[in-house]
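A short worksheet on the structure shown next.
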2 protein chains.
Amino acid sequence: MSVPGGGAAAPRLKDVAELAGVSVKTVSNVVNGTVPVAEATRARVQRAVDELGYQPNVTARRLRTGRSGVIALAFPELPSPYFAELAVEVIAAARRVGITVLMDDTGGDPAAELRIASGLGDPMIDGVILSPLGLDRAALLSRSREIPLVLLGEADLGPVADRVHIDNVAGAREVTRHLLDEGYRRIAAIGWQDPAPRATAEQRLAGYREALADAGLPLDPELLPPVRAYFRPDGASAMRRLLRLPERPDAVFCFNDLLALGALRAAHEAGLRVPQDLAIVGFDDVEEAAYAIPSLTTVAPDKRLIAELAVRCLEERIERRYTGPGRRVTPGFRVVVRESSTLAR
Amino acid sequence: MSVPGGGAAAPRLKDVAELAGVSVKTVSNVVNGTVPVAEATRARVQRAVDELGYQPNVTARRLRTGRSGVIALAFPELPSPYFAELAVEVIAAARRVGITVLMDDTGGDPAAELRIASGLGDPMIDGVILSPLGLDRAALLSRSREIPLVLLGEADLGPVADRVHIDNVAGAREVTRHLLDEGYRRIAAIGWQDPAPRATAEQRLAGYREALADAGLPLDPELLPPVRAYFRPDGASAMRRLLRLPERPDAVFCFNDLLALGALRAAHEAGLRVPQDLAIVGFDDVEEAAYAIPSLTTVAPDKRLIAELAVRCLEERIERRYTGPGRRVTPGFRVVVRESSTLAR
DNA sequence: CGCCGCTACTACAACGTGAGAATACAAGGT
DNA sequence: ACCTTGTATTCTCACGTTGTAGTAGCGGCG
């Protein structure tokens, strides 16, 4: 196939057609299966395709059809382990159905998110999977182009797009209940955001409140130190604030694993033993959670399933097999109990 | 798909040409600046471009020029923090020069790596940035298509491609020397691979040996437990083996941060205090290293610079501004000293 | 026997762009 | 006046694909 010093030009439909002795369009029909082709012809064409190693020229196809076979995947923070792990699953799920994925990093900036959701991020994208952070309903309605869109995560941005997300309220409630079951009573929560709480913060807080209410415990505002973002340093500094309280918490529910890992570090610096002096639980089940010291109890969404469902929804919209209003898809989760919240007292 | 109320189709060169009263090619010349255009005409065309908000159709341009503006970026393990962090930098660096990046995960499989390096992974890729793991020189020479290629990392695969990598021998030597300076004497190394060591293992081992030799210390083969891969569990099990030795090490140099984090966990499980009973250092400076308990001393490559240089090299080859033999580019590194190796004894 | 309708295929145009050849026009030299 | 030189612009075509329209062949039915 290869010529030394040169490299063979990629075979085109025309080359396949000549080899098989049919017209170009017939080859196209065989390759795409748009129109039924007689079995004998089909086999002959297929043999020619295999022999030449023909691969469709995506650019030409795109120019002709207006489709590219490429979708954008945009996260606010790609290096965050949760997003990186989810990205890998999305890439794999997309590959299984012949779609290639183009990564984007919005930094959570509403303007950047709107650009992406409008398909302006990169030219000729068929659809977008977006994990929004700063975007709101109004902004999303105002987008200049209605590209097929699937949203990941908690934010409810209306019926414009499909949305895949786990039940955050239930996840937060169950992991808090687990702490209660282990005997912890003064349970703080790290992850509230003060002037402008995100949907994540609201829902995980709601679940936490429900669990406390079910147990007949009061909600102490002192145990809700607000954070700026959801990274390790935010968790660490919130933890330090909690440890300065006159009456310290005996457990902390962190709204994601990075906050929990930061909190763990702050607790360690303060000389506290986890879980003996203080229990810590997180949310997301990033790989690191299993290797933290102590290993971290957390809420584990099924990342592979989330990716699978998101790609499937988007594909249905791209191919116009579904054109209705935004759907909500809610895969399950598990609470994974590890060292950081057991062996209490 | 369309904007409510009709939705103007994207303006084409033809539309601009009609508005400006010139030919399509003249507009093309103005837009691309390939041929000088009289100032008066230029201004008139520019005005028409601005008025219509014309943007070139990238797909058509790509079909015509044979370029796609897309490069592939392939890592053996995308969820690994080092690769994820580096990927973000590459995506950012590529965006700055108008290139979009398509992610790939090879799993370290030589066949998959060869496919990628031959540009067969996805159609219409202009070039490839690959971090090889299993690929060897001979295989790389045999690739069927000579697509512009930049390699990341330690493996020396000959002059076929440019290569961007830090000086691993020096990095390993310096971090080992740091342990010696802190007073540690019985220093183990985790990361050697027995039947088939990777370039990474060889070079980091070489640096470790050099540092020991400089200090006049012997190399004890017992202190070199081989590992299968470079993940946390490999580090943990290697550490456990070391701790079963009659004469235990007082420090461990792990060939990457994940190994170190696994080792840290195993040490913790064994009831050892780090760094009082045992120092642990890593390599890569992943974000997690700063938040481990204790925080991890490590060798920090300049990831942003590595990404920048890799993209620049690849771009030069794609645009044929450079067509010579493979270049080697060696950005610097720093040894970042943290808790896991200080406050000794 | 001729026409219809069906299947299986082919011919042709078009998507928007850029390369190169061709043309128009102006100025200057002989 | 004519040719040369050079610059500015236009014309024509091709990139590889797919949609539309069209044709050939064939069996069935009035």
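When reading the values below, keep in mind they use all heavy atoms of this one structure, side chains included, and skip hydrogens, waters and symmetry mates. The sequence lines fix the lettering, A, B, ..., with proteins before strands; numbering per chain opens at 1. What you see is a predicted model, and the numbers here were worked out from it, not measured in a lab.
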In plain terms, say whether A:R327 and A:D162 are close enough for a salt bridge, that is, a side-chain N and a carboxylate O under 4.0 Å apart. yes
Could you tell me whether B:R304 and B:E89 make a salt bridge, using a distance below 4.0 angstrom between a side-chain N and a carboxylate O? yes
Whole angstroms only, please: what is the CG-P distance between A:N29 and D:dT17? 13 Å
Per-nt protein contacts along nucleotides 21-27 of chain D (heavy atom under 4.0 Å; B base, S backbone sugar-phosphate only, - none) come out as -------
Between B:R163 and B:E154, does at least one N-O distance fall below 4.0 Å, as a salt bridge requires? no
The nucleotide from D:dT9, C:dT10, D:dC11 with an atom nearest the side chain of B:K25 is D:dC11
Under a 4.5 Å cut-off applied to non-hydrogen side-chain atoms, are A:I147 and A:S118 in contact? no
D:dT10 OP1/OP2 closer than 4.0 Å to side-chain N/O of B:T26: yes
Partner residues of A:F83 under the ring-ring contact (aromatic ring centres under 6.0 Å, His included) criterion, sequence neighbours left out: A:F75
Looking at B:E39 and B:R42, does any basic side-chain N land under 4.0 Å from a carboxylate oxygen? yes
Applying the side-chain contact (heavy atoms from CB on, under 4.5 Å) test to A:Y54, which of A:D15, A:L19, A:V31 qualifies? A:V31
Identify the residue among B:V16, B:L13, B:V30 that makes a side-chain contact (heavy atoms from CB on, under 4.5 Å) with B:V49. B:V16
Sub-3.5 Å pairs of nitrogen or oxygen atoms, protein against nucleotides 13-17 of chain C:
from, atom 1, to, atom 2, distance (Å)
C:dA14, N3, A:R64, NE, 3.4
C:dG16, OP2, B:R12, NH1, 3.3
C:dT17, OP1, B:Y54, OH, 2.4
C:dT17, OP1, B:N57, N, 3.2
C:dT17, OP2, B:L13, N, 2.6

